[in-house]
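Notes to accompany the following structure.
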Amino acid sequence: FVLILIPWWQGSLYSIGEIPSTLVFINAIFLFSKFRKLSIALFCLSIVYGKFLMLVPFVGFYLAILYSEKKLQNLLKDLSVFLLTMVPWLTLAHFKYENGNLFDYLIDQFYFITNHQASGVQNNPDGFFENLIVTINSSEFTSWSIYEKIRITLIPLIFIMIILRNKENINNRFGNITVPITFAITFIYLWFWILNSTKWIRHTQHFTIIVLVSILYLLSANLVNKKIDFFILISLFTFFIDNNKN
């Protein structure tokens, strides 16, 4: 049901990486409290074996976890699981990378990411707000339908408001994930609007899929008490059904 609500048909080929990696990522969030090691391994799979862009929401999620726990021991354990999960891929890169060994692979990946036009790493001499306005006006945003603009701008913010209002129920069922998932969405949301110079709509899947799957989980687990919140979450789905029809 959630997959057919992602109307990015014009870029379906490019979604082969985005959709699976984000689905793995969001399930890792909901598994984190009870199956921490498995969750960390899934985070690594979504980033290293999926899309490296998933590192952005992961940083937001894990920083919130570190702040709430304040335990160095947990950090070291999580890091060891994350690195261990990377070993097969790094081993393959070391022996099979056509331009050298593992060190060459890591260097090339670093320059590929930082030099990519969508990364937002490049310096810009213009002022922040001037550059932001120019970037938005010269990007795909101007060709989006009203439904697409609502999905990308308002719905993630509305979802964050709803889960914070139902924080106690969510945390009691899935552990302390309400604030971390809020940080995960916020980090990738701000990256897209502030740093991403291309505004390719497929990059929004990294937070819209998180929102869609989370809504489905919260509704199926009956964790939303207020009728108005339940109605709003159901209504958010309607904005993903079609691009052109009322």
Side-chain angles (χ1 to χ4, degrees), residues 1-23 25-26 51 53-54 56-57 60 116-120 124 126-166 181-220 224 226-246:
F1 177 66
V2 168
L3 289 179
I4 65 173
L5 287 181
I6 305 172
W8 317 135
W9 302 297
Q10 71 275 20
S12 58
L13 175 63
Y14 296 101
S15 300
I16 291 175
E18 276 80 357
I19 293 177
S21 60
T22 310
L23 290 174
F25 181 88
I26 183 58
K51 296 289 290 188
L53 185 56
M54 295 309 302
V56 177
H116 195 278
Q117 57 183 333
S119 67
N124 195 300
D126 299 327
F128 172 77
F129 290 104
E130 292 84 355
N131 179 55
L132 181 61
I133 294 173
V134 170
T135 300
I136 291 177
N137 290 333
S138 61
S139 67
E140 286 186 2
F141 178 81
T142 55
S143 62
W144 295 351
S145 71
I146 183 63
Y147 296 100
E148 290 169 324
K149 292 178 180 178
I150 291 175
R151 291 174 197 143
I152 310 309
T153 57
L154 296 181
I155 288 182
L157 303 179
I158 296 173
F159 172 75
I160 288 175
M161 177 189 70
I162 296 298
I163 63 171
L164 291 178
R165 279 162 56 95
N166 296 271
I181 197 174
T182 298
F183 271 65
I185 295 173
T186 302
F187 270 48
I188 191 66
Y189 180 87
L190 293 179
W191 168 83
F192 178 81
W193 286 111
I194 296 177
L195 296 179
N196 189 331
S197 60
T198 60
K199 301 291 184 291
W200 291 333
I201 199 166
R202 67 176 183 266
H203 287 156
T204 66
Q205 294 173 5
H206 296 295
F207 56 86
T208 53
I209 295 176
I210 292 177
V211 170
L212 285 170
V213 175
S214 298
I215 291 174
L216 200 62
Y217 285 176
L218 298 183
L219 293 177
S220 63
V224 180
K226 297 182 179 180
K227 292 183 178 180
I228 183 63
D229 291 344
F230 184 87
F231 174 77
I232 292 174
L233 289 181
I234 290 292
S235 300
L236 294 183
F237 278 134
T238 64
F239 286 94
F240 288 85
I241 294 176
D242 190 67
N243 278 353
N244 304 310
K245 299 177 182 179
N246 292 324

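Only heavy atoms go into these numbers, but all of them, side chains included; no hydrogens, no water, no symmetry mates. Heads up: numbering here begins at 1 and tracks the sequence.
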With the side chain counted from C-beta on, respond yes when [X] and [Y] share a heavy-atom pair under 4.5 Å apart, and no when they do not.
X    : Y    : answer
K226 : F231 : no
T182 : I185 : no
I215 : L218 : no

Any chance you could measure [X], atom [atom1], to [Y], atom [atom2], to the nearest 0.5 Å?
X    : Y    : atom1 : atom2 : answer
L190 : F207 : CG    : CZ    : 9.5 Å
F240 : E148 : CZ    : CD    : 10.5 Å
I209 : S21  : CD1   : OG    : 7.5 Å
I19  : Q205 : CD1   : CD    : 5.0 Å
L216 : I26  : CG    : CD1   : 11.0 Å
M54  : I188 : CE    : CD1   : 7.0 Å

Which atom pair, heavy atoms only, marks the closest approach of T204 to I201?
OG1-O, 2.5 Å
Mark yes when over 12 heavy atoms from residues, nucleotides or ligands other than F183 sit less than 6.0 Å from its CZ; otherwise mark no.
no
Output, in order, the C-alpha distance, side-chain angles, deciding distance and verdict of side-chain contact (heavy atoms from CB on, under 4.5 Å) for L212 and F237.
CA-CA 8 Å; L212 285 170; F237 278 134; 3.6 Å; yes
Could I get the full list of side chain to side chain contact (heavy atoms under 4.5 Å, CB included) partners for F230, not counting sequence neighbours?
L219, V224, I234
Check whether the ring centres of W191 and H206 lie less than 6.0 Å apart, and answer yes or no.
no
Using distance only, find each side-chain donor-acceptor pair of residues 152-163 under 3.5 Å and give its atom names and separation, not counting sequence neighbours.
unit_1 : atom_1 : unit_2 : atom_2 : d
T153   : OG1    : K149   : O      : 2.4

Taking the inter-plane angle between the rings of W144 and F192 on a 0 to 90° scale, is it parallel (under 30°), tilted (30 to 60°) or perpendicular (over 60°)?
parallel
Going by the rule side chain to side chain donor-acceptor pair (under 3.5 Å), which residues pair with D229 if we only count those two or more places apart in sequence or in a different chain?
R165, N166
Could you work out, with ring pair (Phe, Tyr, Trp, His ring centres under 6.0 Å) as the rule, every residue matching F25, not counting sequence neighbours?
F43
Does R202 use its side chain to pair, donor to acceptor, with the backbone of E18 at less than 3.5 Å?
no
